[in-house]
Amino acid sequence: MTQADPLDSASAEKPDLSVVVVVPAHSNDPDALLEALERQTLAPRLFEVLLVRYGDAAQPGVSSPEVCQTTSALARTSTLPGATNEANDHEFCLRTFDLPGGGPWPARNLAVQKARAPLILFLDEAARPPATLLEGHLEAHERQPARTAILGQPTLATGAADPAFAELASRLHLLFEPERMVDRTVHGWDAFSTTNFSLPSAALLASGGFDIAHFPADVGADLELGWRLTERGWRVLYRADLQCEHHLDANLDDWLAKQVRLGQACARMWRKHRQNSILWFTRGQTPSPALLLTARKEIEAFHPQLQKVRETLRSWKALGNESGDQSNNQLPAETHTFEALRPLRSRLQNIGLLSGLVLELERDNPLAALDRAPRMDVLTSIVVVARDQGSQIEAFLSSLRSSLPKGAPVEILWVDDASTDGSAHLLAQVPDIALLTNARALGLAASWNHALALARGDRLAILDVRSRPQTGWLERLARHGDVDGSSGVIAAMDESSAASPSDAPQTFAQRAQGFHQRYELARQVQSPMVLVQRSVIERIGGFDPELAAGFEMEDFSLRASLAGFRNRRALDVDACALPKAAAPASQTERAWSEFVRKWAGSAPIPVCDWNSLEFSLVRPWSSHSLFAPIPALATRPKEQRA
């Protein structure tokens, strides 16, 4: 139950300024900040401090659904449970509130509701205000026209836990964008903040306060409030002379994570207001599927440079540790090369913002996925189908075994499609494969489906016995699959140019280096080496056994694409496959004819004219029409060993 606040009465003397500070419940009291407020030149009777502790130790800073529902408007904030106390340990009036289960924005709304002064100054726990800061904000408002908020200059204090990043952040203005502004210039909604920022309490009350229903995280609600106030004619005056030092123990990954949350918040702002200018980092473009795909490509292309920045910071930090003196955050002289990173400043921020945009609109964080990829702790089911290719089995298995990453869980499912050359007998002696034998030749589609019915892996690799897997093939294909939550069929390149298997390793190494992490999106793919995520099988089933032999993989990957997945040709992976004997022209024409009949009806399309086929695909496709059931096997594999 909310305790009565004795200072809410009309008879209580009203201060000129209310200083609002919110802190997580698990945090210690901001003693350093309160001590700095004790030294203010502004008379203690002229200001009050409202300190609100929010959340709990288990989930600090996360609003519970109940809080979001009951505090969707500032007017309802007073109904929140909160205990208030007037502290007498300071010359100024300190009022403290507890907001169990709340987040930073409900906490600020509560403080705004309880503030008694006509002017509110927002600070944070890390702030160390100089003695003249409060007096400076009051004086700044006296000289300004109506509807003007004041933004002071935040600065980064010395003594950070990560001096390498602190140095970089200070010189490139990563943490505080206002450092890039010109003194006494006027700005719009994107300059609204909750640190070293002041404006009349009446404006906050009239606007409804911070929108906690749409912005439960720790960033974004101030910008959205700024948008609404700007629409009402409010502007922000930047004052570089109102400096306030901040003690932050941030690092590059913390900063990037905050940019992601900011990108999410901007996406939510766009959904609420439908104004493209909110998304300044997309140059005001509508966040269409095409734009989100472009964003993914930009993030992925920049990630190698991000890794180099991380490595540079680690080396700088190591140099600082060796010097033994980090008291003033100065790094060794060798770190002057950080100037080379200056052009990357905007791109560093943009990839975080774009990742947040994609995360909010597609529920997938590309930046986090790139940092994790490839995940090699998940089971990969390797599927091989062969008929009368016994002469290649030994070389294929030798190459496969030597190429697999140590410790990565794999299972090998081999389907012998009624071979007559003794392949099944040879494979029955191999201890590390699960062998399925077809009594009669069923073809690739049905044989692949037999293996898929038994496969247990979260990802499935389908290999042709002609391929010669080289070290790194699985990691590279897995990475391409992991970095995109909508990845479909990932296909290795099939050069088929090696005169003999001995040429393959050099070919693979050259491609892996020259096309590192590069790819092409494709409607349909074909390759002796592909990787498929389990989610694709769950959505579209298996392969279509009704098609004539020849375009089984193209059909499968086309269905994946039409179901919303994105297929890739992994340019940095070479299947290193031996040349394949060309099928008779009549067989290819028959297979193509059946393939076209399925997708384009009676349209006369030349063999492998994919551009012409594309015109017939531009129509809605039901999930039922794209699904190919995988028949359950009546018997288990003839040989199956763990």
Side-chain angles (χ1 to χ4, degrees), residues 378-387 411-418 433-464 481 485-491 522-567 590-601 613 616-617 619-638 640:
V378 300
L379 177 63
T380 300
S381 297
I382 299 176
V383 174
V384 185
V385 174
R387 172 178 168 81
E411 63 176 6
I412 304 174
L413 304 172
W414 193 298
V415 182
D416 183 82
D417 193 23
I433 68 171
L435 175 63
L436 284 155
T437 57
N438 296 336
R440 60 184 179 86
L442 300 177
L444 279 176
S447 297
W448 279 333
N449 283 345
H450 281 185
L452 295 184
L454 289 172
R456 298 175 295 121
D458 288 334
R459 61 169 70 107
L460 300 99
I462 300 176
L463 272 59
D464 192 310
S486 295
S487 64
V489 182
I490 314 300
R523 176 72 94 173
Q524 67 283 318
V525 297
Q526 170 62 277
S527 172
M529 179 185 290
V530 302
L531 193 73
V532 183
Q533 305 286 11
R534 170 65 65 178
S535 57
V536 178
I537 306 296
E538 293 172 347
R539 179 85 62 84
I540 68 170
F543 295 84
D544 186 353
E546 300 299 320
L547 291 174
F551 292 92
E552 300 91 343
M553 185 61 72
E554 286 92 339
D555 175 81
F556 179 81
S557 57
L558 177 57
R559 287 188 287 121
S561 175
L562 294 173
F565 293 98
R566 288 185 279 266
N567 302 324
R590 175 174 172 267
W592 177 256
S593 177
E594 290 194 15
F595 181 81
V596 169
R597 187 179 303 114
K598 175 178 179 177
W599 294 106
L613 179 65
S616 301
L617 301 176
R619 59 187 174 93
W621 295 90
S622 67
S623 57
H624 175 75
S625 65
L626 298 176
F627 190 83
I630 300 176
L633 289 181
T635 59
R636 303 297 292 175
K638 194 170 184 179
Q640 184 171 357

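If you take OG1 on Thr380 and CG on Leu460, they are separated by 8.5 Å, rounding to the nearest 0.5 Å. With values rounded to the nearest 0.5 angstrom, Ser557 atom OG is found 8.5 Å from Ile540 atom CD1. For the atom pair Arg523 CZ and Ser561 OG, the distance stands at 4.0 Å (nearest 0.5 Å). Distance CG/Leu613 to CD/Glu554: 11.0 Å, rounded to 0.5 Å. One finds the CD1 atom of Ile537 at 5.0 Å from the CG atom of Leu452 (value rounded to the nearest 0.5 Å).
Applying the salt bridge (Lys or Arg N to Asp or Glu O under 4.0 Å) rule to pairs touching residues 524-553 yields Asp544-Lys598, sequence neighbours excluded.
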Next on the checklist: Please determine whether side chain to side chain donor-acceptor pair (under 3.5 Å) holds for the pair Ser381 and Glu411, giving the CA-CA distance in whole Å, both sets of side-chain angles, and the decisive distance to 0.1 Å.
Outcome noted: CA-CA 5 Å; Ser381 297; Glu411 63 176 6; 2.5 Å; yes
Next on the checklist: Checking Leu558 against Leu617 for the side-chain contact (heavy atoms from CB on, under 4.5 Å) test, could you report, in this order, the C-alpha distance in whole Å, the side-chain angles of both residues, the deciding distance, and whether it holds?
Outcome noted: CA-CA 10 Å; Leu558 177 57; Leu617 301 176; 3.7 Å; yes
Checklist entry - For Asp417 and Leu442, what are the C-alpha separation, side-chain angles and deciding distance, and is it a side-chain contact (heavy atoms from CB on, under 4.5 Å)? => result CA-CA 7 Å; Asp417 193 23; Leu442 300 177; 4.0 Å; yes
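Ring geometry, Phe556 versus Phe543: the interplanar angle falls under 30°, so the pair is classed parallel (tilted spans 30 to 60°).
At least one test fails for Arg597 against the ring of Trp599: distance under 6.0 Å to the centre or angle within 45° of the axis.
Using modelled atom types, no side-chain atom of Trp414 and backbone atom of Ile412 make a donor-acceptor pair closer than 3.5 Å.
Open room surrounds CZ on Arg590; 12 or fewer heavy atoms of other groups in view lie less than 6.0 Å from it.
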